[in-house]
Amino acid sequence: MERLPTTPFGQRPVTLGLLQATERATDVPALPHIDKWELLRTLCDAREAYQITDRELGVLEALLSFHPGKLLGGNADMVVFPSNRTLALRCHGMAESTLRRHLARLVDTGLILRHDSPNGKRYARRDPDGEVLRAFGFDLRPLLIRAPEIAQAADVARTAAIRLRDTRERISLHKRDAHKLALYGQEQGHIGPWEALLATLLDVTRLMRRKLTLSELTDVAETVENVLDQVLKHVSNAEEMSANTHHIERQYQSSDTEPFDSETCLGKDIVANVADPKDRLAKPATSDVSIPLPLVLRAVPEALEYAQGPVTRFDDLARLGAFLRGMIGISTSAWDDAVAIMGPEVAGITICCLVQRINDIRSPGGYLRRLTQQAQMGKYSVTRGVMALIQRSQTLEIAG
């Protein structure tokens with residue numbers, strides 16, 4: 001059997017990985033035939049195990065396209081010898097410097113071998129009938145030899161992907177249950193640390209926007225399950241106490257409230273004026289959004305992270321505010337009162353401003369009730385709130 005060259009041409013050194021790949025590729029009996037494209041798709045699933053990128057997989061796909069036929073296997077020659085220029089064109093115009101880097105990475109991982117000619121060029125010697133006698137280029141045989149290993153790594157990767165998907169799904173469902181049950185408990189006036197629980201869920205929502213590992217997702221899932229357990233405990237206890245109180249016909253009231261921290265104590269005068277839905281429709285609130293939209297967007301970057309699409313109009317901010325109000329623990333009634341008094345655009349901008357200052361506000365629901373009361377008396381200006389946020393941001397940038 002003719003010995004093929006294994007040492008690299010030029011200044012490239014011999015490495016342990018090269019020697020190991022060469023050893024695996026030599027003296028191997030005839031291999032079964034495998035669909036080269038199916039093998040490539042399997043490698044795509046297992047790429048993290050081999051630490052190769054999608055660009056490197058694209059280069060490998062181009063190399064496979066130079067191999068005649070659909071199957072790899074047997075004792076057939078598996079050396080392809082395209083020039084860098086031809087290979088770069090098949091890689092959709094990839095720069096040759098980038099191509100060389102990706103080829104070197106594929107060789108380092110042991111997925112292909114490089115058989116360099118005396119002058120480093122890639123070519124083939126043919127007999128008078130046109131059959132290839134000796135080829136200098138990239139040998140695809142290591143890829144075929146490692147096919148069982150690649151298939152096993154792909155199975156592990158698919159299993160991990162399923163666990164990742166299931167964990168994210170479980171977090172989403174438990175977070176939704178915890179969020180809606182907490183809002184229910186808050187709207188019903190049940191005693192519980194609703195603001196703290198909703199703030200924890202808001203932190204989870206922010207965290208889930210990142211690409212988390214399975215270990216990190218498991219920790220998040222435990223956090224959400226703990227929050228859900230607390231919410232269920234407080235709601236169940238409150239419902240049980242409510243049933244007992246109704247049974248013995250006694251009523252308990254707590255007078256230990258502070259001004260502007262309780263939605264219910266602030267909402268009495270407002271609800272008295274706007275409680276009738278017909279009045280709300282008959283007297284729609286006027287929206288005095290006199291501040292330019294780009295200035296508002298500059299003031300509320302935290303809120304814009306949760307936008308479902310581009311925010312190009314004040315209507316988009318109104319919809320964003322309606323979406324965010326539940327996330328920061330504002331009840332439906334408090335939001336409806338704010339919309340009725342301020343108008344949907346101003347109410348939406350106000351919610352976005354509250355999200356921007358969420359760490360400074362103990363009770364977002366009570367705070368919104370206060371702003372709604374001020375708006376009813378003609379003392380609230382959303383423009384001042386937006387400008388205060390911009391000034392605060394500029395002050396922090398200067399201090400930083």
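Numbers here are sequence positions counted from 1. Remember, predicted model here, so these are calculated numbers, not experimental data.
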**Fill in**
The reported gap from CD in Q356 to CD in E302 (rounded to nearest 0.5 angstrom) is 5.0 Å

**Request:** Would you confirm whether R319, through its side chain, and G348, through its main-chain N or O, come within 3.5 Å as a donor-acceptor pair?
**Result:** no

**Prompt:** For Q374, does the CD atom have more than 12 heavy-atom neighbours from other residues, nucleotides or ligands under 6.0 Å away?
**Reply:** yes

**Nearest heavy-atom neighbours spanning L293 and R313** = CD2-N, 3.7 Å

**Message:** Using the rule given for salt bridge (charged side-chain N to carboxylate O under 4.0 Å, His left out), can you reason through E56 versus R47, listing the C-alpha separation, both sets of side-chain angles and the distance that settles it, and then say yes or no?
**Reply:** CA-CA 10 Å; E56 287 152 6; R47 65 179 183 178; over 6 Å; no

**Request:** Check H234 against P193 and note the closest heavy-atom contact, atom names and distance.
**Result:** NE2-CD, 3.3 Å

**Message:** Less than 4.5 Å apart, side chain to side chain, heavy atoms only: is that true for M78 and F138?
**Reply:** no

**Asked** Same cluster or not: are V231 and V204 linked, directly or through other Ile, Leu, Val, Met, Phe, Trp or Tyr residues, by side-chain heavy atoms under 4.5 angstrom apart?
**Response** no

**Prompt:** Between atom NZ of K121 and atom CG of N84, what is the distance when rounded to the nearest 0.5 Å?
**Reply:** 8.5 Å

**Asked** I171, L173: one ILVMFWY side-chain cluster at the under-4.5 Å cut-off?
**Response** no

**Message:** Let's go through Y367 and R357 carefully: what are the C-alpha distance in whole Å and the side-chain angles of both, what is the deciding distance for side-chain hydrogen bond (donor to acceptor under 3.5 Å, both in side chains) to 0.1 Å, and is it a yes or a no?
**Reply:** CA-CA 11 Å; Y367 196 86; R357 296 183 50 213; 3.2 Å; yes

**Prompt:** If you group Ile, Leu, Val, Met, Phe, Trp and Tyr by side-chain heavy-atom gaps below 4.5 Å, do F81 and L140 land in one group?
**Reply:** no

**Fill in**
In short, F136 meets V79 closest at the heavy-atom pair C-CG1, 4.2 Å

**Prompt:** Does the side-chain contact (heavy atoms from CB on, under 4.5 Å) test come out yes or no for L207 and D203, once each step is laid out?
**Reply:** CA-CA 6 Å; L207 194 61; D203 291 338; over 6 Å; no

**Request:** Taking the side chain as every heavy atom from C-beta outward, state whether H179 and L183 have any atom pair closer than 4.5 Å.
**Result:** yes

**Message:** Give me the atom names and distance for the closest heavy-atom approach of G326 to L198.
**Reply:** O-CD2, 4.2 Å

**Request:** For the residue pair Y380 and T372, confirm or rule out a side-chain donor-acceptor distance under 3.5 Å.
**Result:** no

**Prompt:** Roughly how far, to the nearest 0.5 Å, is the CD atom of Q51 from the CG atom of D108?
**Reply:** 11.5 Å

**Request:** Kindly give the heavy-atom pair with the smallest separation between Q376 and I341, and that separation in Å.
**Result:** N-CG2, 3.5 Å

**Request:** Answer with yes or no whether the hydrophobic clustering places Y306 together with V224; edges join I, L, V, M, F, W, Y residues whose side-chain heavy atoms lie under 4.5 Å apart.
**Result:** no

**Request:** Kindly compute the distance separating CG (L111) from CG (L106), expressed to the nearest 0.5 Å.
**Result:** 6.5 Å

**Test log, rule side-chain hydrogen bond (donor to acceptor under 3.5 Å, both in side chains), inputs S215 and T213** = CA-CA 5 Å; S215 176; T213 64; 5.0 Å; no

**Request:** Side-chain contact test, heavy atoms from C-beta onward, threshold under 4.5 Å: evaluate it for L103 versus L63 and give yes or no.
**Result:** yes

**Message:** With a 6.0 Å cut-off (strictly less than), is the heavy-atom count around CZ of R85, excluding the residue itself, greater than 12?
**Reply:** no

**Prompt:** Is any side-chain heavy atom of S333 less than 4.5 Å from a side-chain heavy atom of R369?
**Reply:** yes

**Asked** Does L371 reach the side chain of M342, with side-chain heavy atoms less than 4.5 Å apart?
**Response** yes

**Asked** Does the side-chain contact (heavy atoms from CB on, under 4.5 Å) test come out yes or no for L43 and I52, once each step is laid out?
**Response** CA-CA 10 Å; L43 181 60; I52 54 177; 4.1 Å; yes

**Prompt:** Can you find a side-chain donor-acceptor pair between R325 and T332 that sits under 3.5 Å?
**Reply:** yes

Return a table of donor-acceptor pairs under 3.5 angstrom between the side chains of residues 87-98 and protein atoms on other chains or two or more places apart.
from: R90; atom 1: NH1; to: S65; atom 2: OG; distance (Å): 3.1

**Asked** Do you know which of L71, L143, L72 makes side chain to side chain contact (heavy atoms under 4.5 Å, CB included) with K36?
**Response** L72

**Asked** When clusters are formed by joining ILVMFWY residues with side-chain heavy atoms under 4.5 Å apart, either directly or through shared neighbours, do M387 and I351 land in the same one?
**Response** yes

**Message:** How long is the straight-line distance from CZ of R146 back to CZ of R141, given to the nearest 0.5 Å?
**Reply:** 14.5 Å

**Check: E345 and D315 side chains under 4.5 Å, non-hydrogen atoms** = yes

**Minimum heavy-atom distance L354-I328, with the two atoms named** = CB-CD1, 4.1 Å

**Request:** Go through L320 and V300 one step at a time and tell me if the side-chain contact (heavy atoms from CB on, under 4.5 Å) criterion holds.
**Result:** CA-CA 11 Å; L320 179 59; V300 292; over 6 Å; no

**Message:** Apply side-chain hydrogen bond (donor to acceptor under 3.5 Å, both in side chains) to residues D316 and T312 and explain how you reach the verdict.
**Reply:** CA-CA 7 Å; D316 298 330; T312 58; 3.3 Å; yes

**Expected output: side-chain R168 to main-chain M208 donor-acceptor under 3.5 Å** = yes

**Request:** Give a yes-or-no answer on whether the side chains of S83 and T86 include a donor-acceptor pair shorter than 3.5 Å.
**Result:** yes

**Prompt:** Going through the checks in order, is the side-chain hydrogen bond (donor to acceptor under 3.5 Å, both in side chains) test met by T218 and R163?
**Reply:** CA-CA 10 Å; T218 302; R163 292 182 59 192; 5.7 Å; no

**Message:** To the closest 0.5 Å, what do you measure between CG (L217) and CG (D166)?
**Reply:** 11.5 Å

**Request:** Look at atom CD of E216 and say whether more than 12 heavy atoms of other residues, nucleotides or ligands are closer to it than 6.0 Å.
**Result:** yes

**Request:** Determine, step by step, whether D360 and R392 satisfy the salt bridge (charged side-chain N to carboxylate O under 4.0 Å, His left out) criterion, reporting the C-alpha distance in whole Å, the side-chain angles of both residues, the deciding distance to 0.1 Å, and the verdict.
**Result:** CA-CA 13 Å; D360 303 328; R392 178 187 181 190; 2.6 Å; yes

**Prompt:** With no hydrogens and no angle check, is any side-chain donor or acceptor of R122 less than 3.5 Å from a backbone partner on P82?
**Reply:** yes

